[in-house]
Amino acid sequence: MKIVVLDGYTLNPGDLSWKELEKIGELCVYDRTESFQIIDRIGNAAYVFTNKTSLGEDVFAACPNLQYIGVLATGYDIVDVVAAARHGIIVTNVPSYGTSAVSQFVFALLLELCHHVGHHAQRVADGAWATCKDFCFWDYPSKELYGKVMGIVGMGRIGYATAKIAQGFGMKVLAYDKLINEEWKNEGITYVSLKDLFSESDVVSLHCPLSKENIGMINKETISLMKDGAYLINTSRGPLIDEDALYDALEEGKLAGAGLDVLCIEPPSGHNRLSTHPNCLVTPHIAWSPKESRQRLMDVAVNNLRSYINGKTVNAVRSF
C-alpha cells in the first residue's frame, strides 16, 4: 500500500528517520505541499499523513482509495472530519507527544516576560553593565511568580503539566474546562468559571483546542475582566485571540505582557504589529519542536497506522 506524507519537513527536517513507515508500505515524503498539488500527490494512496496541509471534501471525492489520514499533530482542525467520516476515512491524531515540551515553553515565555533575560544579556553585551556605577544593572523591573495565580484555560494533559510547574513556583492554580478531573482537584487545582478565572488570575495560559465556539475567546470583553497588569500566554492556537483587542490592551497597559507561540495567520502575512510590541513576545510556533517530542510524535504516528492496518484503530478523532 502507498503511504504519502504531504508536509513532512517540520516534523523531520533531517534529524529523524522515516524508516519505520518505510517498513509498512511504499513511502513518498514531500517536505511541503501546496493546495493545488494535494490531489495529484495523494493519487491512489490509501494512507496519508498531514500536519498543516488542509484536507476536505474535494480531496476525498477525488481520491477514492484514501482510507486513512494520520494528522502529525494533536490539533486536527485542518481535516474536515465530518466529510472524512462520510467517505469512510479514518482520521487519527497524536494527542500527547508534546506535553513536556509545551508546558516547559509556557514558562520560557512567562519567565522572559517577568525578567527580560534576553534583553538584559544583550545590554551586558552592549556594555551597559560595564559603565554602571552600581554592582547590578537593570532597566526593566522583574516580577516574582511566587504567590501569584495561574489561570489555565483547558485542563488537559498539557494544562495539567503546566499546572504542576506553576505549583513548583509557588503559584496558586485555577482551571477552566468542560470536564472536571476530580483527582486533580485533590492536587490543589481549583476549577472555576471562565469569568472567575479571567478576573482572579495574574497569568492566563491557553491550552484548549480550536473550535467554532472558542474562536476569539480572548477579546475586548474578556480582557476587560482580567486583572490590570496580568500576563497572557498562548501556546495553543492563534485564533483563540482577537489580536487587535490584545494589541490595544497591551498599548493601554491593561495587560503587562503577552507571550504568543501562535498567531491567527501562520506564517504571518506581512507585518503583524504584535511581533514588535515591546510588551509582547512572539515566537514562531516552536513550543512543540524539541527533537525528543518530535520523535515521540513520529513513534505514535507510526503506531497509529500499524494499529489501523491490524484492525485495532487507536487515537481516532471524532466527527461532530
Side-chain angles (χ1 to χ4, degrees), residues 1-34 37-56 59-60 63-81 84-85 87-105 156-158 161 209 235 261 266 284-319:
M1 285 289 193
K2 184 178 179 182
I3 305 168
V4 175
V5 179
L6 291 172
D7 48 3
Y9 183 82
T10 51
L11 169 58
N12 180 17
D15 57 350
L16 302 179
S17 172
W18 298 106
K19 64 181 181 180
E20 293 303 316
L21 275 182
E22 292 172 346
K23 294 177 181 179
I24 299 175
E26 175 192 350
L27 180 64
C28 184
V29 178
Y30 297 99
D31 284 347
R32 303 166 188 85
T33 294
E34 299 294 333
Q37 299 172 312
I38 295 172
I39 292 172
D40 284 342
R41 288 186 171 182
I42 292 177
N44 64 354
Y47 314 129
V48 168
F49 285 93
T50 180
N51 190 326
K52 293 295 180 288
T53 302
S54 296
L55 301 176
V59 174
F60 307 148
C63 302
N65 286 347
L66 182 59
Q67 57 183 268
Y68 174 92
I69 297 170
V71 180
L72 299 171
T74 301
Y76 51 88
D77 48 284
I78 45 86
V79 177
D80 185 338
V81 294
H87 286 266
I89 300 169
I90 293 294
V91 181
T92 67
N93 71 337
V94 184
S96 59
Y97 74 94
T99 300
S100 297
V102 176
S103 57
Q104 174 179 306
F105 200 82
R157 295 179 182 89
I158 296 175
T235 54
D261 189 48
E266 298 176 350
H285 206 141
I286 55 172
W288 71 287
S289 68
K291 183 178 180 180
E292 297 88 345
S293 63
R294 287 185 290 110
Q295 184 63 64
R296 281 192 295 272
L297 193 161
M298 176 80 80
D299 293 343
V300 174
V302 172
N303 184 66
N304 283 350
L305 179 56
R306 280 204 181 110
S307 298
Y308 169 75
I309 292 172
N310 292 330
K312 299 179 180 178
T313 303
V314 296
N315 294 322
V317 303
R318 296 166 59 193
S319 59

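What you are looking at is a predicted structure, and each value in this text was computed from that prediction instead of being measured.
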Next item on the list: Check step by step if side chain to side chain contact (heavy atoms under 4.5 Å, CB included) holds for V94 and N315.
Entry: CA-CA 7 Å; V94 184; N315 294 322; over 6 Å; no
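- With a 4.5 Å cut-off on side-chain heavy atoms, V79 and I89 do not count as touching.
- Residues in residues 90-100 take part in these side chain to side chain donor-acceptor pair (under 3.5 Å) pairs, two or more places apart or across chains: Y68-T92.
- Side-chain contact between I158 and W288: absent, with no pair of heavy atoms (C-beta onward) separated by less than 4.5 Å.
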Notebook entry, point to check: Given the rule in the side chain to side chain contact (heavy atoms under 4.5 Å, CB included) test, do I286 and D261 qualify, once you have shown the distances and angles that lead to the verdict?
Noted result: CA-CA 7 Å; I286 55 172; D261 189 48; 3.6 Å; yes
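- Partners of N44 by side chain to side chain donor-acceptor pair (under 3.5 Å), not counting sequence neighbours: none found.
- A search for salt bridge (charged side-chain N to carboxylate O under 4.0 Å, His left out) contacts involving D77 returns R237, not counting sequence neighbours.
- Remark: T33 OG1 to D40 CG distance equals 10.5 Å, nearest 0.5 Å.
- If you take CG on D31 and CG on L6, they are separated by 12.0 Å, rounding to the nearest 0.5 Å.
- Partners of K23 under the salt bridge (charged side-chain N to carboxylate O under 4.0 Å, His left out) rule, at least two apart in sequence or in another chain, are E20.
- D7 places a side-chain N or O within 3.5 Å of a backbone atom of K52 that can act as its donor or acceptor partner.
- Counting heavy atoms from C-beta outward, L11 and W18 have side chains that approach closer than 4.5 Å.
- Considering CZ of F49 and CG of L21, their distance stands at 5.0 Å, rounded to 0.5 Å.
- Between A287 and P290, the closest heavy-atom pair is O-CD, 3.6 Å.
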Note to self: Please determine whether side chain to side chain contact (heavy atoms under 4.5 Å, CB included) holds for the pair V81 and R318, giving the CA-CA distance in whole Å, both sets of side-chain angles, and the decisive distance to 0.1 Å.
What the structure shows: CA-CA 7 Å; V81 294; R318 296 166 59 193; over 6 Å; no
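- Rounding to the nearest 0.5 Å gives a distance of 7.5 Å between OG1 of T53 and CD1 of I78.
- Legend: residues meeting side chain to side chain donor-acceptor pair (under 3.5 Å) with D15, ordered by chain and number and at least two apart, are R294.
- Note: D80 CG to F60 CZ = 6.0 Å, rounded to the nearest 0.5 Å.
- The shortest non-hydrogen separation linking S293 to G98 is CB-CA, 4.3 Å.
- Between C63 and I42, the shortest heavy-atom contact is SG-CG2, 3.7 Å.
- Pairing each heavy atom of L72 with each of A301, the nearest pair is CD2-CB, 3.6 Å.
- When all heavy atoms of P95 and T74 are compared, the closest pair comes out as O-OG1, 3.6 Å.
- Here Q67 pairs with Y308 under the side chain to side chain donor-acceptor pair (under 3.5 Å) rule; sequence neighbours left out.
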Margin query: Go through it in stages, so that I can follow the logic: the residues are V5 and N12, the test is side chain to side chain contact (heavy atoms under 4.5 Å, CB included), and I'd like the CA-CA distance, side-chain angles, deciding distance and then a yes or no.
Written below: CA-CA 11 Å; V5 179; N12 180 17; over 6 Å; no
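- Separation of atoms CD (E34) and CZ (R41) is listed at 8.5 Å; rounding is to 0.5 Å.
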